Amino acid sequence: MTSLKAQPMPTSFPKDKLRVVLLENIHDTAISVFEADGITVERHAASPDRKALAAIIADAHVLGIRSKTRLNFDMLSSARRLLAIGCFCIGTDQVDSSAAAAHGIPIFNAPFSNTRSVAELTIAEAIMLTRRVFEKSEQMHRGSWDKSADGSHEVRGRTLGIVGYGHIGAQVSVLAESMGMRVRFFDVASKLPLGNASPTDSLDELLAVSDIVTLHVPACAQTDTLIDANAIAKMKPGALLINNARGKVVDIPALRRAIESGRIAGAALDVFPDEPSGRDDPFRSEMRGMRNVILTPHIGGSTMEAQADIGKSVAERLVSFVNSGSTGTAVNVPRIDAPPQAGLHRVLHFHRNVPGVLGRINTSLAEAGINVRAQRLETHNEVGYVVLDVDAPDSEAALQSLEAVPETIRSRVLW
Ligand code: NAI
């Protein structure tokens, strides 16, 4: 980590002086949250160029971005006043998160705001594939009227196998059961089954009993081509596969062969090993043109409801940090959830996490004769975070004591 000089932020300030800048057309729900807390927001529809961004970041206390605005170490180094960054999206790759941590700047995002959207798409696809609706629709577009029931089924009574029983998998489980499906799941972690769902002992067992297999695992070394030719061979003949997780979880050539041979009756894919970078970049995939294969452009989580929830959820996390120093949902700094205590002042202190620093903090406070009413410390990688509650008359002296500690990155008083 690059060593940084202390950047003291000595006072709480009135809400009307807090400069919150939201870029990239962030949803109105975010504005409502800030305004309800007496904070005015400056909005920009687009992501500014580097020069304009540098000017904005130099003065902002809170910066809200989506996926287009990139914040690297140099850009963050000019963020003299920045308290926090809100990534109004799911991922935070666009920000150098360790650089932000090194500057004592928490990043907040909304990892679960689109959970329901993905779950609903999955359920819709389970029905569409089981009824072969897309195939019928394509025939109709070509002028063909085929009313045959061959290969069409109800989902009621069929077994849905969920791989990965996390936030999305568990939602899918609840929705599927409400339609009369039997739900089995496999997860590497022990999970509480919801409703009448039940776990299998292995992935192989899940594949063998499921009429529809739906994937809800993260992308990682263990899930890379988790569904390969071997796994497909263990699925029921005529089973269906849904992948709304990450593209690399499925071995696409193996899936294509299985569908061509009729071993697998159909698939729905929202994610791909190589996804186009934008509208002008053509979609290339071996899965194009196949019967009973639903292709969607990574829109599992893309709904207006998810956008609204992201706006609200990230704004609430930012307001909570501004008001109380709570970092319980931050992605890059030590996590402390600390409701403010009535009548006390609070000192927030980010510091470099090196041996002996807590001792120096406490010695410095003791030498100043500060009566500490509550103290919480957490560390994460190379950064430590202390939240200190003191009697009101002591807060300035407590701040000065903490800033005297050489490892200080940033500090701030709340009252
Ligand atoms: P989560 O972290 O809540 O759940 C993932 C679950 O998978 C965990 O319970 C974990 O223990 C389990 N798991 C990990 N490795 C496993 C393995 N090898 N076998 C079985 N289980 C395993 O994640 P969440 O929020 O449910 O998301 C799931 C996936 O959905 C992620 O890949 C995420 O990126 C993707 N996603 C896709 C979206 C889209 O637009 N299509 C939108 C949102 C998420």
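In listed order, ligands and their atoms are each counted from 1. We number each residue from 1, following the sequence as shown. Only a predicted model underlies this, so the values are computations on that prediction, with no experimental measurement involved.
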Backbone or side chain, does any N or O of [X] fall under 3.5 Å from an N or O of ligand 1?
{"X": "Gly301", "answer": "yes"}
{"X": "Val217", "answer": "yes"}
{"X": "Gln222", "answer": "no"}

Measuring from atom CZ of Phe321 to atom CD1 of Ile336, what distance do you get when rounded to the nearest 0.5 angstrom? 10.5 Å

Sequence neighbours left out, what pairs pass side chain to side chain donor-acceptor pair (under 3.5 Å) with at least one residue falling in residues 326-335? Ser326-Asp337

Using a 4.0 Å heavy-atom cut-off, say whether Asn114 meets ligand 1 through its side chain, its backbone, both or neither. side chain

Quick one: which ligand 1 atoms are inside 4.0 Å of a heavy atom on Val118? 38 (C), 42 (C), 43 (C)

Thr223 neighbourhood, listing ligand 1 atoms whose heavy-atom distance to it stays under 4.0 Å: 15 (N), 18 (N)

Decide, yes or no, whether a salt bridge links Asp150 with Arg132 under the criterion of side-chain N to carboxylate O below 4.0 Å. no

Quick check: do [X] and [Y] have side-chain heavy atoms less than 4.5 Å from each other?
{"X": "Leu71", "Y": "Thr69", "answer": "yes"}
{"X": "Met75", "Y": "Arg50", "answer": "yes"}
{"X": "Thr214", "Y": "Asn243", "answer": "no"}

Please state which option from [options] has its nearest heavy atom closest to [atom].
{"atom": "atom 14 (C) of ligand 1", "options": "Ser117, Ala245, Pro218, Ser113", "value": "Pro218"}
{"atom": "atom 28 (C) of ligand 1", "options": "His216, Lys191, Arg246", "value": "His216"}
{"atom": "atom 26 (O) of ligand 1", "options": "Ile168, Leu226, Thr303", "value": "Ile168"}

I'd like to know if Asp270 contacts ligand 1, where contact means a heavy-atom distance under 4.0 Å to any ligand atom. yes

Tell me whether the centres of the aromatic rings in Phe283 and Phe272 are closer together than 6.0 Å. yes

Ring centre gap for Tyr385 and His351 strictly below 6.0 Å: no

For [atom], closest protein heavy-atom neighbour:
{"atom": "atom 11 (O) of ligand 1", "result": "Asp187 OD1, 2.6 Å"}
{"atom": "atom 23 (O) of ligand 1", "result": "His167 N, 4.6 Å"}
{"atom": "atom 19 (N) of ligand 1", "result": "Val188 CG1, 3.6 Å"}
{"atom": "atom 37 (C) of ligand 1", "result": "Asn244 O, 3.2 Å"}
{"atom": "atom 4 (O) of ligand 1", "result": "Gly166 CA, 3.2 Å"}

Is a side-chain donor-acceptor pair under 3.5 Å present for Asn353 with Glu382? no

Determine, counting only non-hydrogen atoms of the protein, whether one lies under 4.0 angstrom from atom 41 (N) of ligand 1. yes

N/O donor-acceptor pairs under 3.5 Å from side chains in residues 252-261, not counting sequence neighbours:
from	atom 1	to	atom 2	distance (Å)
Arg256	NE	Glu260	OE2	2.7
Arg256	NH1	Glu286	O	2.3
Arg256	NH2	Glu260	OE2	2.8
Ser261	OG	Arg257	O	3.3
Ser261	OG	Ala258	O	3.1
Ser261	OG	Arg263	N	3.3

